[in-house]
2 protein chains.
Amino acid sequence: MIPEATVARLPVYLRALTALADRGIRTCSSEELATAAGVNSAKLRKDLSYLGSYGTRGVGYDVDYLRYQIAREIGVTQDWPVVIVGIGNLGHALANYSGFRSRGFRVVALLDADRSRHQEVVAGVAVRPFDDLEAIVHEHAVAIGVIATPAAAAQDVADRMVACGITSILNFAPAVLAVPDGVDVRKVDLSIELQILAYHEQRKAQVGQAAASVDGVDGLDGLDGAAGVGSGQLDGATIGVDK
Amino acid sequence: MIPEATVARLPVYLRALTALADRGIRTCSSEELATAAGVNSAKLRKDLSYLGSYGTRGVGYDVDYLRYQIAREIGVTQDWPVVIVGIGNLGHALANYSGFRSRGFRVVALLDADRSRHQEVVAGVAVRPFDDLEAIVHEHAVAIGVIATPAAAAQDVADRMVACGITSILNFAPAVLAVPDGVDVRKVDLSIELQILAYHEQRKAQVGQAAASVDGVDGLDGLDGAAGVGSGQLDGATIGVDK
DNA sequence: AGGAGCTTGTGAACGCGAGAACAAAATCTC
DNA sequence: GAGATTTTGTTCTCGCGTTCACAAGCTCCT
């Protein structure tokens with residue numbers, strides 16, 4: 001129903017609206033909200049139009065009302081129990097991340113296959129054996145699992161999760177997961193993001209060099225247009241030198 | 001030159017090739033590599049064709065050769081010095097992440113504004129005051145900065161980075177950054193990914209409920225088609241119930 | 001009340017990316 | 001060496017997402 005690209009931006013709008021609300025702003029135009037969210041206003045309006053007509057022409061959007069509508073649409077008005085598997089450095093960081101709790105995600109269990117970690121308590125939650133997964137998933141009706149294990153273990157963990165009835169997986173391990181239809185997987189790969197930046201960085205260097213050697217003009221001609229809103233952050237990197 | 005969507009997949013292919021090489025495989029077809037990378041073979045071939053003709057018809061690709069070509073194109077054959085700002089839980093995890101080093105990213109400095117952290121040594125690198133940023137950037141010719149601070153500090157950090165000459169930023173803070181043209185920003189937002197999963201999870205529940213209440217048929221009809229390769233992982237979540 | 005001035009919501013055009021299908025080229029078989 | 005087989009590289013088509021442009025609708029002012 002709602003395009004995938006729009007779904008991916010709704011949480012950004014939600015965050016921007018929360019920031020506006022925190023500053024005491026009660027009403028905003030699509031232009032203001034778009035700026036706060038880092039997109040252009042046409043896209044914002046089209047995105048919001050998929051949810052319904054929650055704005056008022058000539059006026060704008062009621063911040064709190066729109067915030068509630070988006071939250072409801074995404075599903076963050078309800079409570080989502082989450083299990084995190086793999087309590088290494090990243091697992092620790094995730095368990096402690098306050099942004100989960102504040103958006104309706106409750107970490108009900110931390111699991112790790114390593115026995116030496118089972119005495120640990122992270123962010124107020126005890127680390128338990130991985131084999132407890134099924135019991136926990138059934139007890140708390142967990143639908144979302146987070147994988148923060150090494151790559152080698154990721155597929156096994158995913159298989160076990162699916163077997164227990166988990167239908168959404170957030171994967172931080174640098175591995176491609178095979179899952180049945182009906183199971184959603186999203187992956188976050190830290191090193192891939194850096195590699196994408198490196199690619200553009202390399203191109204900038206090449207272009208800058210070529211331009212400098214050919215006609216002495218700096219290849220990065222946009223630097224004076226400072227403070228332009230970071231455009232297109234969601235879709236990908238902004239590319240300084242185009243074409 | 002190379003489409004952005006392709007650039008985003010090249011690191012995935014690189015990882016898949018490395019995995020194949022580790023298993024002693026010298027040659028692979030586009031079909032095999034595509035499976036390993038979680039994409040379909042047509043897309044893979046098209047992506048690779050942007051780099052040049054590095055395969056042999058009727059045979060396939062030489063794993064090592066293709067790996068080198070992709071690495072060169074991305075720019076990970078060279079060494080990229082990186083600074084990480086914000087050594088909280090996430091900063092710790094990033095500093096310790098081995099996937100950076102193994103792909104040519106070298107963490108040359110960890111910076112934090114909090115004085116109480118300046119005695120710390122994380123992953124063999126001392127935590128230094130944020131004000132040392134400029135000296136470090138110039139000394140090591142740093143082009144890539146990682147922001148792992150709270151959201152409130154992110155824009156200030158970004159501004160300082162840009163002022164020092166950093167032209168690529170990986171932002172983990174849940175904030176929209178405004179940067180000049182010519183500076184690339186990529187963002188990773190952990191809670192946004194979870195919210196996207198929550199949205200689809202909510203829809204699954206609704207559809208399942210509707211189907212169950214209408215005709216008693218389970219809404220998730222694809223679960224028996226187990227072990228289908230996780231399709232379209234890069235582009236977004238796979239959606240179990242379509243239309 | 002009526003017009004001026006905004007701002008939303010949407011129809012239409014456009015461009016990019018995905019996937020299918022096929023031609024080109026290499027190897028293998030006999 | 002010729003045909004069969006395999007697999008790449010590329011062309012073409014389709015669909016989605018972005019952006020533009022404008023009509024519809026609300027408020028404010030006179």
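This one's a predicted model, so the numbers in the text were calculated from it and none came from an experiment. Reminder, nothing fancy here: chain letters follow the sequence lines and each chain counts from 1.
- Between A/Asp47 and B/Ser49, the residue anchored nearer the 5' end of DNA chain D, judged by the nucleotide with its closest heavy atom, is B/Ser49.
- A close approach under 4.0 Å does occur between a side-chain nitrogen or oxygen of A/Ser30 and OP1 or OP2 of C/dT8.
- Atom CZ in B/Arg45 sits roughly 13 Å away from atom P in C/dA21 (whole-Å rounding).
- Put simply, CG on A/Leu44 is 15 Å from C1' on D/dG17, counting in whole angstrom units.
- Evaluation of the side-chain contact (heavy atoms from CB on, under 4.5 Å) rule for B/Asn40 yields B/Ala42, B/Lys43 as partners, not counting sequence neighbours.
- Donor-acceptor pairing under 3.5 Å, judged by distance alone, is present between the side chain of B/Arg57 and the base of D/dT8.
- Contact annotation for B/Tyr54: backbone-only contact, meaning every heavy-atom pair under 4.0 Å involves sugar-phosphate atoms and none involves a base.
- B/Glu31 places its CD atom 15 Å from the P atom of D/dG9, with the value rounded to the nearest Å.
- For A/Arg72, the CZ atom sits in a packed shell: over 12 heavy atoms of surrounding residues, nucleotides or ligands are nearer than 6.0 Å.
- Comparing A/Gly58 and A/Pro3 by the nucleotide of DNA chain D whose heavy atom lies nearest to each, the residue mapping closer to the 5' end is A/Pro3.
- The nearest whole Å value for the distance from the NZ atom in A/Lys43 to the P atom in C/dT10 is 19 Å.
- Proximity of B/Asn40 to the phosphate of C/dA18: no side-chain N or O atom is located under 4.0 Å from OP1 or OP2.
- Within the 4.5 Å cutoff, the side chain of B/Glu73 has no heavy atoms near those of the B/Ile70 side chain.
- Between the CG atom of B/Leu48 and the P atom of C/dG17 there is a distance of 16 Å, given to the nearest Å.
- The backbone N or O of B/Val63 lies less than 3.5 Å from no partner atom in the side chain of B/Arg67, so there is not a single donor-acceptor pair.
- In this entry the distance linking CD of B/Glu32 with P of D/dT7 reads 8 Å, nearest Å.
- Between the P atom of D/dT7 and the CG atom of B/Asp62 lies a distance of 16 Å, rounded to the nearest Å.
- Partners of B/Tyr65 according to the ring-ring contact (aromatic ring centres under 6.0 Å, His included) rule, which considers only residues two or more places apart in sequence or in another chain, are B/Tyr54.
- Taking atom OH on A/Tyr61 and atom P on D/dG25, their separation rounds to 15 Å, with Å as the unit.
- Each of A/Lys46 and A/Gly60 lies near DNA chain C, and the nucleotide nearest A/Gly60 is the one positioned closer to the 5' end.
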